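Just below is one structure, and these are the notes that go with it.
We number each residue from 1, following the sequence as shown. Remember, it's a predicted structure, so these values are computed and weren't measured experimentally.
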Amino acid sequence: MRRIKIIDRSRDEHFMREALALAAKGAELGEVPVGAVLVQDGEIIGQGFNSPISRHDPSAHAEMVAIRAAAEAAQNYRLPGSTLYVTLEPCSMCAGLIVHSRVARVVYGATEPRAGVAVSRGEFFSQDFLNHRVMVEGGVLAEECGTILKAFFKARR
């Protein structure tokens, strides 16, 4: 997996907190609390939270919603130079979208041992067959990102 040094940890934490706030909104609606923001040139151009239940759309993961909103705002299906902040390690579906939309960097909070493909279930972003390389940084506000998920599932049991 390609990794980069965090240039500005406080900036990454700032945007991850924005994603956490979105995750909390999703939890209020009964959705699994995952949030995402897509940032380009220091500005949020897309945001979303998990909403497959309320949208009746199995693809409505936080990353998908944020990237779709960003592409619409940019009027471009490619988002070069952008960074996606997401509270949970991306799954294979979202990882494919990240590559196809040319996101430059993914910053995630908590790992997803069952379905995460950045590190947990393989290193998708470092595969030779990909025509775009994505830099990945994990563990930003990991404890907070994991806590909101654990609390959500504990309350449902």
Self-check item: By ring-ring contact (aromatic ring centres under 6.0 Å, His included) - contacts of F124 (at least two apart)
Solution: none
Quiz item: When hydrophobic residues are tied together by side-chain contacts of less than 4.5 Å, even through go-betweens, does F49 share a cluster with V140?
Solution: yes
Self-check item: Pair Y108-L141, side chain to side chain contact (heavy atoms under 4.5 Å, CB included): steps then yes or no
Solution: CA-CA 8 Å; Y108 67 88; L141 300 181; over 6 Å; no
Which atom pair, heavy atoms only, marks the closest approach of [X] to [Y]?
X	Y	result
V136	A118	CG1-CB, 4.2 Å
S120	E89	OG-OE1, 2.6 Å
P33	A23	CB-O, 3.4 Å
R9	G139	NH2-O, 3.9 Å
P52	A60	CD-O, 3.4 Å
A36	A66	O-CB, 3.8 Å

Does any non-hydrogen side-chain atom of [Y] lie less than 4.5 Å from one of [X]?
X	Y	result
V106	P90	yes
N131	R102	yes
V134	R105	no
M64	M93	yes
R133	L130	yes
V117	E123	no
F125	V99	yes

Quiz prompt | All pairs passing ring-ring contact (aromatic ring centres under 6.0 Å, His included) where residues 16-43 contributes a residue, at least two apart | solution = none
Exercise. For residues 71-92, pull every pair meeting ring-ring contact (aromatic ring centres under 6.0 Å, His included), keeping only residues two or more places apart or in separate chains.
Key: F15-Y85
Quiz item: Does the side chain to side chain contact (heavy atoms under 4.5 Å, CB included) test come out yes or no for V86 and V107, once each step is laid out?
Solution: CA-CA 6 Å; V86 61; V107 178; over 6 Å; no
To the nearest 0.5 Å, what is the distance between [atom1] on [X] and [atom2] on [Y]?
X	Y	atom1	atom2	answer
H132	S101	NE2	OG	7.5 Å
L38	L84	CG	CG	5.5 Å
I45	L79	CD1	CG	5.5 Å

Quiz item: Which pairs, with at least one residue in residues 14-40 and sequence neighbours excluded, count as a side-chain hydrogen bond (donor to acceptor under 3.5 Å, both in side chains)?
Solution: E31-S54
Quiz item: Tell me the side-chain hydrogen bond (donor to acceptor under 3.5 Å, both in side chains) pairs involving residues 57-71, sequence neighbours left out?
Solution: D57-S59, S59-R68
Among all residues two or more places apart in sequence or in another chain, which pass the side chain to side chain donor-acceptor pair (under 3.5 Å) test with [X]?
X	answer
S92	none
E72	Q75
R11	none

Quiz prompt | Those residues that, when tested against Q47, pass side chain to side chain contact (heavy atoms under 4.5 Å, CB included) (two or more places apart) | solution = L22, V37, I44
Self-check item: Residues which pass side chain to side chain contact (heavy atoms under 4.5 Å, CB included) with A19, listed by chain and number, not counting sequence neighbours
Solution: M16, T87
Anything under 3.5 Å between a donor and an acceptor, one on a side chain of residues 145-155, the other on a protein residue two or more places apart or in another chain? List them.
unit_1: T147; atom_1: OG1; unit_2: E143; atom_2: O; d: 2.7

Quiz item: According to the salt bridge (Lys or Arg N to Asp or Glu O under 4.0 Å) rule, which pairs have a member within residues 37-56, sequence neighbours left out?
Solution: none
Self-check item: Verdict with reasoning, S51 to L29, per side chain to side chain contact (heavy atoms under 4.5 Å, CB included)
Solution: CA-CA 9 Å; S51 53; L29 297 173; over 6 Å; no
